[in-house]
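Just the heavy atoms: all of them, side chains too, but no hydrogens, waters or symmetry mates, feed the values below.
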Amino acid sequence: MPELPEVNTFQRYFDGTSLKQKIQEVVVHDDKIIQDISGMEFAEKLQGATFLSSYRQGKYLFGELDNTHNVLLHFGMTGDIKYYEDELDKPKHERFAFIFENGSRLGFDCPRKFAKIRYLEDRNAYLERIKLGTDALRISTKEFLEKAKGKKASIKGFLLNQKILAGVGNLYADEVLYQLRIHPASKVNKLSKKHLTNIITRTQEILQKAIDRTAYYKDYPDDWFWQWRKEGAIAPDGKSKIETDKIGGRTTYFFPKYQKLYV
DNA sequence: TGTGATGTTGAATG
DNA sequence: GCATTCAACATCAC
């Protein structure tokens, strides 16, 4: 699920449900995804605290507490949050939940347990330490071009690198390169300044449109790539067949006849 | 039944 | 030292 538009949608949901209510208790069913401290310590730190606001950078969502500390929610591949009152609505793979004073809960669901939850006293120090890149929606063309300079990596791998820009994942990277007819294995240093400018501009347009549609794929424009992004697909021109390859470490879908390779 | 998945990390490699 | 690649993590669905 969660790339930048999905996490942005989670953020709105979090803001709309979980701010400004005191956390009465935290229940932890499985503390595998809680980093550095035990589930019990996590619960103790949060008991009695209140989320006042949130901050998102790329796929990283931070709940900002009234004591200036932060809770980092990173959703991994299968993380999700759900606010509910009735126990019957508890998500199937809930790993922990905040219980608020009004009795409602914010449950964190995660079947695959690749999510990472952290209690952070100093958010900026953490971001500095992991060298998380500028948010993909906020990066300037200038900074993007600067970071691209001399890079020999594939454009796909470059876009996926969260230290370069934060927020683009496997699906949206394929989407951008399809829309611009650029082969994902093209080398960054073989792409023109014009290409690179188009890439960052189109990336931002796509992410923004996805956000406007609350990351709900069925509402995306008809000509977007995601619906062809599967084995056996035939391009809209009715001729070229889809191909998959491992590029930038991830399974990549593209139309080799339609997307030009620059190497 | 085996395979791969909307992600990240640290170790290995060049 | 730097840039880049790859296996590993845990579970589920096709």
Side-chain angles (χ1 to χ4, degrees), chain A residues 1-11 29-36 56-61 72-81 91-96 108-118 120 126-127 129-133 135-136 146-178 184-190 203 206-207 209-211 213-220 224-233 242-254 263:
Chain A
M1 291 205 167
E3 299 184 35
L4 189 152
E6 286 80 3
V7 177
N8 191 84
T9 302
F10 290 148
Q11 179 180 26
H29 314 301
D30 180 343
D31 67 3
K32 171 81 178 56
I33 61 172
I34 297 169
Q35 309 299 300
D36 309 327
R56 184 191 60 68
Q57 185 167 334
K59 308 170 194 172
Y60 293 68
L61 179 60
L72 164 60
L73 305 178
H74 188 286
F75 295 86
M77 298 273 257
T78 57
D80 197 0
I81 46 176
K92 187 165 171 203
H93 302 283
E94 181 178 282
R95 304 306 176 187
F96 70 90
F108 192 96
D109 189 57
C110 190
R112 256 174 98 185
K113 300 189 204 174
F114 283 4
K116 299 238 186 298
I117 308 301
R118 289 194 147 87
L120 298 172
Y126 174 74
L127 289 171
R129 183 155 56 79
I130 68 167
K131 299 194 160 44
L132 186 63
D135 185 79
E146 200 60 41
K147 284 183 169 165
K149 204 162 284 179
K151 288 286 190 301
K152 297 174 195 155
S154 66
I155 183 61
K156 166 83 183 241
F158 185 72
L159 288 173
L160 290 179
N161 185 343
Q162 303 300 301
K163 292 180 172 64
I164 305 291
L165 78 169
V168 177
N170 203 18
L171 265 61
Y172 290 95
D174 283 1
E175 183 72 51
V176 171
L177 296 172
Y178 163 79
S186 298
K187 302 292 182 194
V188 174
N189 61 354
K190 301 295 178 185
T203 298
I206 287 172
L207 293 174
K209 277 188 190 171
I211 285 173
R213 291 158 178 75
T214 63
Y216 187 64
Y217 281 59
K218 295 215 162 47
D219 286 347
Y220 288 1
W224 276 22
F225 183 56
W226 69 273
Q227 49 195 319
W228 282 283
R229 199 181 173 282
K230 57 186 172 213
E231 285 307 323
I242 199 123
E243 197 156 300
T244 86
D245 202 353
K246 205 133 200 147
I247 303 173
R250 306 296 303 281
T251 300
T252 300
Y253 289 78
F254 57 101
V263 286

Quiz item: Quick one: A:Lys92 NZ to C:dA10 P, roughly how many Å, whole number?
Solution: 19 Å
Quiz prompt | Minimal non-hydrogen separation, A:Ile242 against A:Arg229, with atom names | solution = CD1-CA, 4.4 Å
Practice problem: Sort out for me which residue in A:Leu177, A:Asp174, A:Ile247 forms a side chain to side chain contact (heavy atoms under 4.5 Å, CB included) with A:Tyr253. | Solution: A:Asp174
Quiz item: Between A:Lys59 and A:Leu4, what is the shortest heavy-atom contact and its length?
Solution: CG-N, 4.2 Å
Quiz item: A:Thr78 side chain N/O closer than 4.0 Å to the phosphate oxygens (OP1, OP2) of C:dC12?
Solution: no
Quiz item: What is the nucleic acid contact for A:Lys246, judged by heavy atoms within less than 4.0 Å: base, sugar-phosphate only, or nothing?
Solution: nothing
Quiz prompt | Rounded P spacing from C:dA8 to B:dT3 in Å | solution = 15 Å
Quiz prompt | Shortest non-hydrogen separation from A:Leu165 to A:Leu159 and the atoms involved | solution = CD2-O, 3.8 Å
Quiz prompt | B:dG7 OP1/OP2 closer than 4.0 Å to side-chain N/O of A:Lys59 | solution = yes
Quiz item: How are the rings of A:Trp226 and A:Tyr220 set to each other: parallel, tilted or perpendicular (split at 30° and 60°)?
Solution: perpendicular
Quiz item: In whole angstrom, what separates A:Gln162's CD from B:dG10's C1'?
Solution: 16 Å
Quiz item: So, for A:Thr78 and A:Arg112, which heavy atoms are closest and what is the spacing to 0.1 Å?
Solution: OG1-N, 3.1 Å
Quiz prompt | Pi stacking test for A:Phe114 and C:dC9: under 5.5 Å apart, planes under 30° | solution = yes
Practice problem: Determine: side-chain N/O of A:His93 to OP1/OP2 of C:dC12, distance under 4.0 Å, yes or no. | Solution: yes
Exercise. Show the numbers, then the answer: is there a side-chain contact (heavy atoms from CB on, under 4.5 Å) between A:Thr214 and A:Asp219?
Key: CA-CA 9 Å; A:Thr214 63; A:Asp219 286 347; 5.7 Å; no
Quiz item: Which of these nucleotides, C:dA10, B:dT8, B:dA5, is closest to any side-chain atom of A:Lys32?
Solution: C:dA10
Practice problem: Take the protein atom NZ of A:Lys230 and the nucleotide atom P of C:dC14, then report the distance between them rounded to whole Å. | Solution: 14 Å
Practice problem: Can you tell me the distance, in whole Å, between the CD1 atom of A:Ile117 and the P atom of B:dG7? | Solution: 16 Å
Quiz item: Just checking A:Lys116: base, sugar-phosphate only, or nothing, at a heavy-atom cut-off of under 4.0 Å?
Solution: nothing
Practice problem: Can you tell me, in whole Å, how much space there is between the P of B:dG4 and that of C:dC6? | Solution: 15 Å
Quiz item: Between the side-chain atoms of A:Arg250 and the base atoms of B:dA5, is any donor-acceptor pair under 3.5 Å?
Solution: no
Quiz item: Over how many whole Å does the gap from A:Lys151 atom NZ to C:dT5 atom P extend?
Solution: 13 Å
Quiz item: Of A:Ile130 and A:Arg112, whose nearest nucleotide on DNA chain B comes first from the 5' end?
Solution: A:Arg112
Self-check item: Interatomic distance, A:Asn170 CG vs B:dG4 P [rounded to whole Å]
Solution: 14 Å
Quiz prompt | Length of the CG-P vector between A:Leu160 and B:dT9, whole Å | solution = 14 Å
Practice problem: Could you check how far CG of A:Leu165 sits from P of B:dG7, rounded to whole Å? | Solution: 13 Å
Exercise. Using a 4.0 Å heavy-atom cut-off across all strands, classify A:Gly249 as base, sugar-phosphate, or nothing.
Key: nothing
Exercise. Could you check which of B:dT8, C:dT4, B:dA5 has an atom nearest any side-chain atom of A:His74?
Key: B:dT8
Practice problem: Quick one: closest heavy-atom pair of A:Arg95 and A:Ile33, and the distance? | Solution: CB-CD1, 3.8 Å
Quiz item: Can you find a side chain N or O atom of A:Lys113 that sits less than 4.0 Å from OP1 or OP2 on C:dT11?
Solution: yes
Quiz prompt | Watson-Crick or G-U stems involving DNA chain C, each at least 3 pairs long, distances under 3.5 Å, ordered by first number | solution = B:2-5 with C:11-14, B:7-14 with C:2-9
